[in-house]
Amino acid sequence: MAMIAYKCPQYRVTVVDINPTRIAQWNSDDLPVYEPGLEEIVKASRGKNLFFSTEIEKGIKECDIIFVSVNTPTKTFGSGVGMSADLQYWDKTAKQIRQFAESDKIIVEKSTLPVKTALAMERILTATNNGVHFEVLSNPEFLAEGTGIKDLEDPDRILIGSRETPSGLKARDSLVEVYANWVPRDRIITSNIWSSELSKLVANAFLAQRISSINSISALCEKTDADITEVARAVGMDRRLGNKFLNASVGFGGSCFKKDILNLVYLCRHYGLEEVADYWQGVVNINEYQKERVITNMLSTMFNTLAGKRICLFGFAFKANTGDTRESPAVTISKRLIEEKAELVITDPKALDNTKMDLDSIEGNISYIEDPHEASAGCDAIAVMTEWGVYADLDFEMIYRSMAKPAFIFDGRNILDHKRLFDIGFNVFPIGKPPLTHFK
Ligand code: UDX
């Protein structure tokens with residue numbers, strides 16, 4: 001919404017939320033979300049044509065277009081538990097819009113939703129006939145964290161799904177006009193509403209599938225002395241495949257991939273498509289397998305016991321350039337390391353506050369130290385969880401001297417100079433590459 005306000009000074013954009021603390025933060029100097037470039041565009045528009053408020057009723061009454069961006073987490077109860085999307089906030093919002101609207105509105109689904117949600121939305125909105133016409137559009141958001149502002153400013157595509165009725169097409173054209181203020185027309189695509197809803201789930205499933213594909217091959221590389229970076233390069237140079245999203249890792253994380261795939265799997269099962277559901281479930285299974293593989297590799301490498309050993313995790317965020325730790329592979333890996341009775345020292349440039357909350361209920365020896373040099377002192381092993389650029393430029397001679405011996409490095413993101421680390425004295429265990437060790 002900040003980007004729309006920034007690019008379209010002729011519109012008035014109001015963001016409403018039920019949480020007064022959040023709104024106060026959005027109105028302060030300290031925004032509640034860390035995202036490079038966000039602060040600049042919020043500050044450029046706030047108070048001019050961008051407003052943050054808790055007055056939901058007023059917001060609904062005044063606006064012509066309402067973007068519904070409430071959370072749709074995986075259900076934690078009842079039917080579809082652990083798989084399908086929890087639509088309770090969505091449902092409540094639809095009822096609120098119906099209650100307060102006094103003029104015709106375009107309702108835009110921004111949250112990621114199961115296909116056919118627009119139908120439920122339409123049914124809720126039209127359940128009481130108050131003479132107001134609602135037109136529901138689907139406009140999924142494809143931005144990634146850390147590059148959100150760039151992705152919004154220069155998107156690969158904007159997708160707008162609508163009903164193919166005259167009023168549906170008219171509403172669709174109004175939303176096209178909004179984006180056309182800065183996005184080239186050929187990148188604004190339209191479709192039927194169900195294709196649009198489904199495309200978002202499928203885009204995330206395909207991205208995650210690439211990571212699970214490369215991670216599955218990383219396991220085979222470790223058995224065969226092939227090198228995953230070389231394999232990924234050779235595969236990715238095929239222009240039909242492309243070279244993006246082929247970095248082997250400790251597994252994918254983030255608030256979207258797992259949730260959206262499970263949602264897709266649930267939908268497939270709902271429609272009796274068991275084979276299709278199993279196929280996509282495999283993407284999540286490989287991701288779990290990869291995290292467990294990291295633990296078993298550490299265990300077997302460090303002489304089959306981690307009890308009492310100090311392990312320093314380099315990074316906890318689910319990826320670099322964000323403080324977000326939701327579904328981070330580091331969460332699962334930390335819990336497993338604690339089960340093995342290892343002591344953890346965790347370092348991360350942006351995510352330590354979230355990390356402390358994630359591990360709050362875990363009983364074990366965990367400390368949090370922001371400086372990676374200090375954090376690794378006295379440790380038996382370093383395990384890279386997040387691909388923060390700063391980790392490549394550390395003083396590894398000094399780190400080696402300060403660690404217990406033999407000193408291990410598990411590079412779960414393949415971002416370090418492995419040969420150099422080996423020459424310093426480390427035993428180096430990358431993902432999907434032959435290890436470099438000093439053991440005879
Ligand atoms: C994702 C989608 O990219 C975005 O289009 C959608 O709108 C929301 O979900 P995001 O969750 O922010 O965005 O992160 P993304 O950059 O896709 O990374 C997801 C996870 O995959 C991270 O844990 C990342 O480290 C991991 N990853 C990514 C890999 O392990 N290897 C890769 O090659 C790429």
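Order of listing sets the numbers, starting from 1, for every ligand and every atom in it.
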### Query
Side chains of E109 and S196: is there a donor and an acceptor less than 3.5 Å apart?
no
### Task
Among residues two or more places apart or on two chains, list those pairs meeting ring-ring contact (aromatic ring centres under 6.0 Å, His included) that have a residue in residues 188-240.
F206-W280
## Note on the structure
So the ring-ring contact (aromatic ring centres under 6.0 Å, His included) pairs with at least one residue in residues 316-350 (sequence neighbours excluded) are none
Without placing hydrogens or testing angles, list every side-chain donor-acceptor pair under 3.5 Å for residues 236-244, not counting sequence neighbours.
| from | atom 1 | to | atom 2 | distance (Å) |
| --- | --- | --- | --- | --- |
| D238 | OD1 | R240 | N | 2.9 |
| D238 | OD1 | R240 | NE | 3.1 |
| D238 | OD2 | R240 | NH2 | 2.8 |

### Closest contact, heavy atoms only, P349 versus E370
O-OE2, 4.2 Å
For each nitrogen or oxygen atom of ligand 1, which protein N/O atoms lie closer than 3.5 Å, and how far apart are they, rounded to 0.1 Å?
| from | atom 1 | to | atom 2 | distance (Å) |
| --- | --- | --- | --- | --- |
| ligand 1 | 5 (O) | F142 | O | 2.7 |
| ligand 1 | 7 (O) | E141 | O | 3.4 |
| ligand 1 | 7 (O) | F142 | O | 3.3 |
| ligand 1 | 7 (O) | L143 | O | 2.7 |
| ligand 1 | 7 (O) | K200 | NZ | 2.8 |
| ligand 1 | 12 (O) | E145 | N | 2.7 |
| ligand 1 | 12 (O) | K319 | NZ | 3.3 |
| ligand 1 | 14 (O) | K319 | NZ | 3.2 |
| ligand 1 | 16 (O) | K319 | NZ | 2.8 |
| ligand 1 | 23 (O) | G253 | N | 2.9 |
| ligand 1 | 23 (O) | F318 | O | 2.7 |
| ligand 1 | 25 (O) | F318 | O | 3.3 |
| ligand 1 | 25 (O) | R413 | NH1 | 2.7 |
| ligand 1 | 25 (O) | R413 | NH2 | 3.3 |
| ligand 1 | 30 (O) | S249 | OG | 2.6 |
| ligand 1 | 31 (N) | N247 | O | 2.9 |
| ligand 1 | 33 (O) | L246 | N | 3.3 |
| ligand 1 | 33 (O) | N247 | N | 2.9 |

### Query
Between the side chains of S249 and K319, is a donor N or O closer than 3.5 angstrom to an acceptor N or O?
no
